[in-house]
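What follows is a single structure, written as structure tokens, with notes after it.
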Amino acid sequence: KIKKQKQEVPILYIEADEDHVPLQIGKRDISKIIYVHEGRKAVSKGRNKLLNVRYFTDAQQNSEELWLDVANYLDDAYNIETIKKVYISGDGASWIKEGLNWIENSVFVLDKFHLAKYIRTATAHMDYTRAPLWHYITQGMKQATIDLFDVIIAGTEDQPKRDTVRDAKRYILNNWEAIQRQKDPDYIGC
């Protein structure tokens, strides 16, 4: 239940993803999941608990309805004027970024899991490029990242693998600012 008195917090975190859900008829479906929380606290070594977490899902895949539910919850549960920033984290899917249109003072942050996935995919055939690529990206060295991607592409003989590296380059560069926001002092990760 929503507390009677609206909470006053300066920062909120929203994480969004999709999950494969087994159905009783033997098939699987994909369900969109969003959860809102106020941060986390350590409960034991390597384990955290989300603070004041609220989960949202929509098996019908209607993104607008889902984000409307989240926006209404925020309006009911929080004094919106006190929220300075809302971090929306996820893989960069358009339905996740759609939340930026619904949630005031929100910014998108690409989660590290998906960043790591694309870096691994791009460098799987050239392991020695993985560490420098991570370094360039985490240090915000965009031109060095582009140059290294170009070297990887030029050194890749297999056309399908070259296409995979190009896709990884496009994904990372299209999400560059969202990756750099991982370093914001208030961002706690996903």
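Note that the numbering runs from 1 along the sequence shown for the chain. Computation of the quantities below employed the complete heavy-atom set of this structure, encompassing side-chain atoms and omitting hydrogens, waters and symmetry-equivalent molecules.
- Under the rule for a side-chain hydrogen bond (donor to acceptor under 3.5 Å, both in side chains), the partners of Gln143 that lie at least two apart in sequence or sit in another chain are Asp147.
- The environment of Gln159 atom CD is dense: over 12 non-hydrogen atoms of other residues, nucleotides or ligands sit within 6.0 angstrom.
- Hydrophobic clustering keeps Leu50 apart from Val9 (ILVMFWY residues linked when any side-chain heavy atoms are closer than 4.5 Å, directly or through intermediates).
- Residues Arg181 and Leu110 fail the side-chain proximity criterion, which asks for heavy atoms closer than 4.5 Å.
- Rounding to the nearest 0.5 Å gives a distance of 9.5 Å between CG of Asp150 and CZ of Arg166.
- Proximity of Lys41 to Asn48: side-chain heavy atoms (C-beta onward) are nowhere separated by under 4.5 Å.
- Put simply, the side chain of Ile80 does not reach to within 4.5 Å of the side chain of Lys6, judged on heavy atoms.
- Counting non-hydrogen atoms of other residues, nucleotides and ligands closer than 6.0 Å to NZ of Lys183 gives a total above 12.
- In the hydrophobic clustering of this structure, Leu115 does not group with Val109; members are Ile, Leu, Val, Met, Phe, Trp, Tyr whose side-chain heavy atoms approach within less than 4.5 Å, directly or through other members.
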task: Decide yes or no on side-chain contact (heavy atoms from CB on, under 4.5 Å) for Leu12 and Asn105, but give the supporting numbers first.
output: CA-CA 10 Å; Leu12 280 176; Asn105 298 322; over 6 Å; no
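- By the rule that hydrophobic residues join a cluster once side-chain heavy atoms approach within less than 4.5 Å of another member, Trp102 and Val36 end up as members of one cluster.
- Rounded to the nearest 0.5 angstrom, Lys32 NZ and Asn62 CG are separated by 7.5 Å.
- Sequence neighbours left out, not one pair with a member in residues 92-116 passes salt bridge (Lys or Arg N to Asp or Glu O under 4.0 Å).
- Residue pairs meeting the salt bridge (Lys or Arg N to Asp or Glu O under 4.0 Å) criterion with at least one member in residues 81-95, sequence neighbours excluded: Lys85-Asp184.
- Evaluation of the side-chain hydrogen bond (donor to acceptor under 3.5 Å, both in side chains) rule for Thr145 yields no partner, not counting sequence neighbours.
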query: Checking side-chain hydrogen bond (donor to acceptor under 3.5 Å, both in side chains) for the pair Thr164/Thr121: CA distance, chi angles, key distance, verdict?
result: CA-CA 7 Å; Thr164 300; Thr121 300; over 6 Å; no
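- Both Ile137 and Ile153 belong to a single network of hydrophobic side chains, linked directly or stepwise wherever heavy atoms of I, L, V, M, F, W or Y lie under 4.5 Å apart.
- By the side-chain hydrogen bond (donor to acceptor under 3.5 Å, both in side chains) test, Thr138 is found to be paired with no residue, residues two or more places apart in sequence or in another chain being considered.
- Within the structure, ring pair (Phe, Tyr, Trp, His ring centres under 6.0 Å) contacts touching residues 158-190 (residues at least two apart or in different chains) are Tyr87-Tyr187, Tyr118-Tyr171.
- For the pair Arg162 (side chain) and Ala154 (backbone), a donor-acceptor distance under 3.5 Å is absent.
- Considering only heavy atoms from C-beta on, Leu173 comes within 4.5 Å of Lys142 through its side chain.
- Partners of Asp19 by salt bridge (Lys or Arg N to Asp or Glu O under 4.0 Å), not counting sequence neighbours: none found.
- Nearest heavy atoms, Ala124 versus Lys161: CB-NZ, 4.0 Å.
- For residues 128-161, no pair satisfies ring pair (Phe, Tyr, Trp, His ring centres under 6.0 Å), with sequence neighbours left out.
- By the side-chain hydrogen bond (donor to acceptor under 3.5 Å, both in side chains) test, Asn79 pairs with Glu8, sequence neighbours left out.
- Pairs of residues two or more places apart, or lying in two chains, that qualify as salt bridge (Lys or Arg N to Asp or Glu O under 4.0 Å) and include a residue from residues 129-138 are Asp127-Arg130.
- Between Arg40 and Ile188, the shortest heavy-atom contact is NH2-O, 2.7 Å.
- Inter-residue side-chain proximity for Lys169 and Ile152 is flagged as unmet; no heavy-atom pair is nearer than 4.5 Å.
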Taking distance alone, no hydrogens or angles, what donor-acceptor pairs closer than 3.5 Å link side-chain atoms of residues 66-77 to residues at least two apart or in another chain?
from	atom 1	to	atom 2	distance (Å)
Trp67	NE1	Trp95	O	2.8
Asn72	ND2	Leu68	O	3.3

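- Criterion: ILVMFWY side-chain heavy atoms under 4.5 Å apart, direct or through other members. Under it, Ile96 and Leu100 are part of a common hydrophobic cluster.
- Between the CD1 atom in Ile172 and the NE2 atom in His114 there is a gap of 12.5 Å [rounded to 0.5 Å].
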- request: Before giving the answer on side-chain contact (heavy atoms from CB on, under 4.5 Å), spell out for Glu177 and Phe108 the whole-Å C-alpha distance, their side-chain angles and the decisive distance to 0.1 Å.
  value: CA-CA 9 Å; Glu177 283 75 26; Phe108 176 69; over 6 Å; no
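- Partners of His37 under the ring-ring contact (aromatic ring centres under 6.0 Å, His included) rule, at least two apart in sequence or in another chain, are Tyr13.
- With rounding to the nearest 0.5 Å, the separation of CD1 in Ile146 from CE in Met141 is 12.0 Å.
- Of the listed residues (Ile88, Ile14, Ile83), just one forms a side-chain contact (heavy atoms from CB on, under 4.5 Å) with Ser106, and that residue is Ile88.
- Separating the CD1 atom in Ile119 from the CG atom in Leu133 is a distance of 5.0 Å, to the nearest 0.5 Å.
- Taking CZ of Phe113 as the reference point, atom OG of Ser89 lies at 14.5 Å (rounded to 0.5 Å).
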query: Given the rule in the side-chain contact (heavy atoms from CB on, under 4.5 Å) test, do Asp17 and Ile33 qualify, once you have shown the distances and angles that lead to the verdict?
result: CA-CA 5 Å; Asp17 203 357; Ile33 302 168; 5.6 Å; no
